[in-house]
There are 2 protein chains.
Amino acid sequence: MNENEASELFGSLSNPDRLKVIRALVEAGPEGMSAGDIAVKIGASPSRASFHLAGLADSGLILRERQSRSLIYRVNFERIGGLVTFLMEDCCRGSTSLRKCCGI
Amino acid sequence: MNENEASELFGSLSNPDRLKVIRALVEAGPEGMSAGDIAVKIGASPSRASFHLAGLADSGLILRERQSRSLIYRVNFERIGGLVTFLMEDCCRGSTSLRKCCGI
DNA sequence: TTCATATTTCAATTATCCTTGAAATGTATA
DNA sequence: TATACATTTCAAGGATAATTGAAATATGAA
């Protein structure tokens with residue numbers, strides 16, 4: 001992961017609707033959640049939800065799979081973890097001060 | 001930290017120049033670094049560097065202090081740590097899958 | 001095939017962000 | 001005071017991102 005890739009991922013997280021999507025999908029677990037249910041859960045119109053889901057899926061932060069008429073979305077922990085690792089280890093050079101500040 | 005605040009911080013990190021600034025300031029350590037030196041280090045014009053420094057300082061990710069003619073910037077690990085904690089614990093509910101994915 | 005459901009895509013509009021270079025501000029020194 | 005240095009601020013223009021509602025696509029069922 002380089003600075004350009006990381007900055008795009010941070011951009012994907014720079015919106016309250018998209019953070020709500022991530023949270024909803026973490027709660028939903030491995031079963032995932034349909035686009036329609038996500039839209040209701042985050043309080044957005046179908047097209048607005050779809051717009052944000054597309055952004056998250058394009059950046060790889062969430063995964064999409066069709067199940068009959070529905071599109072099921074799931075969180076991609078590997079991608080989120082990769083971004084956290086970039087920030088902690090690469091960008092911030094594994095700073096122990098930073099580690100203390102997030103209790104890990 | 002709530003979704004709106006976190007999304008603003010992620011927005012602050014959603015630019016390669018600003019990630020370079022963070023990295024430079026982590027390297028610089030507690031002594032910090034002047035705006036001019038940062039501009040040279042990240043390869044940006046003074047006004048462009050200043051624009052990005054202002055964004056980072058406004059969001060609290062970096063701290064600023066005047067020293068004679070120079071403005072010295074330092075990284076604010078507490079703020080970055082707060083964001084990582086939000087993402088790991090609040091947004092992603094302390095998911096063990098996510099922890100494994102960033103090796104922490 | 002025809003209809004309903006689920007979701008995306010598109011076009012138009014508005015809003016936000018980024019870059020550039022010139023001008024303004026604050027600080028120190030002669 | 002006058003001058004140089006360090007940095008920011010401003011205005012203008014261009015680039016991206018977000019919102020809305022209508023239309024298009026994909027799937028499944030009658």
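What you see is a predicted model, and the numbers here were worked out from it, not measured in a lab. Lettering of chains follows the sequences in order, A, B, ..., and the numbering in each one begins at 1.
Looking only at atom types and distance, the side chain of A/S34 has no donor-acceptor partner in the side chain of A/S70 under 3.5 Å away.
Atom-to-atom, CD1 of A/I62 to C1' of C/dT7 comes out at 13 Å; the value is rounded to the nearest Å. Across the protein-nucleic acid pair, B/Q67 atom CD and C/dT27 atom P stand 13 Å apart, rounded to whole Å. With rounding to whole Å, B/L71 atom CG is found 18 Å from D/dC5 atom P. Atom CG of A/L53 and atom P of D/dA17 are 17 Å apart (whole Å). Rounded to an integer number of Å, the gap from CG of B/D58 to P of C/dC17 is 11 Å.
Regarding contacts with the backbone of C/dT5, every side-chain N or O of A/R69 stays at 4.0 angstrom or more from both OP1 and OP2. Listed pair B/R48 / C/dT20 meets the phosphate criterion, a side-chain N or O lying under 4.0 Å from OP1 or OP2. Between A/Y73 and C/dA6 there is no side-chain polar atom (N or O) within less than 4.0 angstrom of OP1 or OP2. Contact annotation: A/H52 reaches the phosphate of D/dT19 (side-chain N/O to OP1 or OP2, under 4.0 Å). In this model, the phosphate group of D/dT8 is approached by a side-chain N or O of B/R64 to a distance below 4.0 Å at OP1 or OP2. Residue B/S70 places none of its side-chain N or O atoms closer than 4.0 Å to OP1 or OP2 of C/dT27. For B/N15, a side-chain nitrogen or oxygen approaches OP1 or OP2 of C/dC18 to under 4.0 Å.
Taking hydrophobic clusters as Ile, Leu, Val, Met, Phe, Trp and Tyr residues chained together by side-chain heavy-atom distances below 4.5 Å, A/I80 shares a cluster with A/M1.
Contact annotation: the side chain of B/L13 approaches that of B/L61 to within less than 4.5 Å [non-hydrogen atoms, C-beta and beyond].
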B/R18/A/E3 under salt bridge (Lys or Arg N to Asp or Glu O under 4.0 Å): CA gap, chis, key distance, verdict: CA-CA 9 Å; B/R18 291 193 292 263; A/E3 256 144 23; over 6 Å; no

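Taking the side chain of A/A35 as heavy atoms from C-beta on, and the options D/dT7, D/dG28, C/dT7, the nearest nucleotide is C/dT7. Of the listed nucleotides (C/dT7, C/dG26, D/dT19), D/dT19 has the atom at the smallest distance from the side chain of A/D17.
Among the atoms of the strands shown, base atoms are found under 4.0 Å from some heavy atom of B/S47.
A salt bridge does not link B/E78 with A/K100: every distance from a Lys NZ or Arg NE/NH1/NH2 to an Asp or Glu carboxylate oxygen is 4.0 Å or more.
Heavy-atom nearest nucleotides on DNA chain C were determined for A/S50 and for B/R18, and the one closer to the 5' end corresponds to A/S50. Comparing A/S45 and B/F51 by the nucleotide of DNA chain D whose heavy atom lies nearest to each, the residue mapping closer to the 5' end is B/F51.
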